[in-house]
Amino acid sequence: MSTAGRVIKCKAAVAWEAGKPLSIEEVEVAPPQKHEVRLKILFTALCHTDVYFWEAKGQQPLFPRIFGHEAGGVVESVGEGVTDLQPGDHVLPVFTGECKECTHCKSEESNMCDLLRINTDRGTMLNDGQSRFSKDGKPIYHFVGTSTFSEYTVCHVGSLAKVNPAAPLDKVCVLSCGICTGLGATVNVAKPKKGSSIAIFGLGAVGLAAAEGARISGCSRIIGVDLNSNRFEEAKKFGVNEFVNPKDYNKPVQEVIAEMTNGGVDRSVECTGSIQAMISAFECVHDGWGLAVLVGVPNKDDAFKTHPMNFLNERTLKGTFYGNYKPRTDLPGVVEKYMNKELELDKFITHSVSFADINKAFDLMLSGQSIRCVIRMEN
C-alpha cells in the first residue's frame, strides 16, 4: 500500500538533551508539503558538525532534535510544486541548498543560496514553521533541514541532489558535507596547477579531502600541517608527502614552510578553524602568486590580523562555503568522479555501524578513531 500522503511511523535516533546518548524511538513523520520531499534514508554518516551541535557548545540548545546531514536515500513521495524529483529517485540531502531562483543561485560565482543557506538555529520547515517529526503528539526539531538520523525524513527539494542510481549510497553519502567542502576548497577555489606545491592545515576529514583534491590536481608537494603527528601516516593515503608539526619548531610555522619551499607554497588550504592557523596559511604562500583558502570556522570573537604588505605583495586570500559546490547542479558530477575512479571515497570511510549502534559512531569520532563512520539504517 502506498504511503504517499500518509503519516509514516518509523525509527529515529532522538537527542533529548545536549551531550546525552541518542535514543532510538518510534516517531511520526508527516507527509511533505509544498516544495518538500519525503525520503527513505538508507545510509547516513556522522560529521563533526552533528557532534558540535549535539554537545551544544556555545549554542542555545534546541532539543529534542534529530541530527544528521550526511546521507543517501530514496525519494518516497513529493509535495506540491516538486517537478524535478519523483518517487524512487536516489538523492543526497545537503545542509545547504540551491533554490535556483535567488541572486546567489543565478550567479556563476556563488553557491550561497539566500533561501536555503545553512541555519543551525531553525528547527522547523520553511513552508509553515512547523516540524514534520513528532512523538506522542509533541514536535521533535529538525537539524539544518535534513535530520538524516531517521529512517524517513522530510527536506526542502532545494536541499536534495539527484544522483546516479548506480552509485553506492553507502559510499557517496559522505559527499553531503565535509568531503565536498575540503575537495572543493582545493579544486574549485585554490585551483592549483599540476606540479605545484600546497600546504594543508589540519588533517581531519576536511583537510584530508583538501589533500585528495590536491592529489587529483597533480600537486607535486602536498605538505600536511597538524599539531597531532599521529595523523601523518593516515594522511599519506590521501597524497600528503611532507609533514610539519608546528610544535616541533621555535618559529612560526609559516616561516618553516617558507624555508622548505624557497619562499612559500603556491597554494594553502586551512581546515582547522584556528585563527592562528588561518594567519599562518595566508602568510606561508609565495608572494607574487600565492593563494590561501580558508575553510575552518573560527570563534565568533576571533580577528584575522596580518600586515597589509602581505596583500600588496600579491598574496591572495579567499574563503569558501561547501567547497563552492552548488548542491543540485554540481554534486551529481562529483558522484560521477567517484564512479569514474577519479575520486577515491572508500579511504575516508573507516568504520560502519548499524543504526541501533549509532552511539558507537559518536564514541569513535570523539576518541579520534574514525574519519567517517557510515551508519546502516537497515541491518
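Nothing here was measured: the structure is a model prediction, and the numbers come from that model.
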In plain terms, say whether [X] and [Y] are close enough for a salt bridge, that is, a side-chain N and a carboxylate O under 4.0 Å apart.
| X | Y | result |
| --- | --- | --- |
| K237 | E344 | no |
| D84 | R328 | yes |
| K9 | E151 | no |

Short side-chain donor-acceptor distance under 3.5 Å, [Y] and [X]:
| X | Y | value |
| --- | --- | --- |
| T306 | E283 | yes |
| N111 | E98 | no |
| R376 | S352 | yes |
| S367 | Q369 | yes |
| T272 | E270 | yes |
| E70 | T148 | no |
| Q276 | S274 | no |
| H90 | N164 | no |

Without swapping roles, check the side chain of [X] against the backbone of [Y] for a donor-acceptor pair under 3.5 Å.
| X | Y | value |
| --- | --- | --- |
| S147 | I66 | yes |
| N299 | D301 | no |
| S370 | R372 | no |
| E36 | H156 | no |
| T350 | I371 | yes |
| R267 | A190 | yes |

Taking the side chain as everything from C-beta on, heavy atoms only, tell me whether [X] gets closer than 4.5 Å to [Y].
| X | Y | answer |
| --- | --- | --- |
| I198 | I223 | no |
| V144 | N119 | no |
| H69 | C47 | yes |
| D121 | F53 | no |

Kindly check if the number of other-residue, nucleotide or ligand heavy atoms within 6.0 Å of NZ (K191) is above 12?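 12 or below, so no.
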Find the distance between CD (E108) and OG1 (T329) and round it off to the nearest 0.5 Å.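 Between E108 CD and T329 OG1, I get 11.0 Å after rounding to 0.5 Å.
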How are the rings of [X] and [Y] set relative to one another: parallel (under 30°), tilted (30 to 60°) or perpendicular (over 60°)?
| X | Y | result |
| --- | --- | --- |
| F95 | F321 | perpendicular |
| H142 | F133 | tilted |
| Y325 | Y322 | perpendicular |

Heavy atoms only: give me the nearest P93-I41 pair and the separation to one decimal.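 Heavy atoms of P93 and I41 come nearest at CG-CD1, 4.4 Å.
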Give me the one residue out of L175, V335, V187 that meets side-chain contact (heavy atoms from CB on, under 4.5 Å) with L343. L175
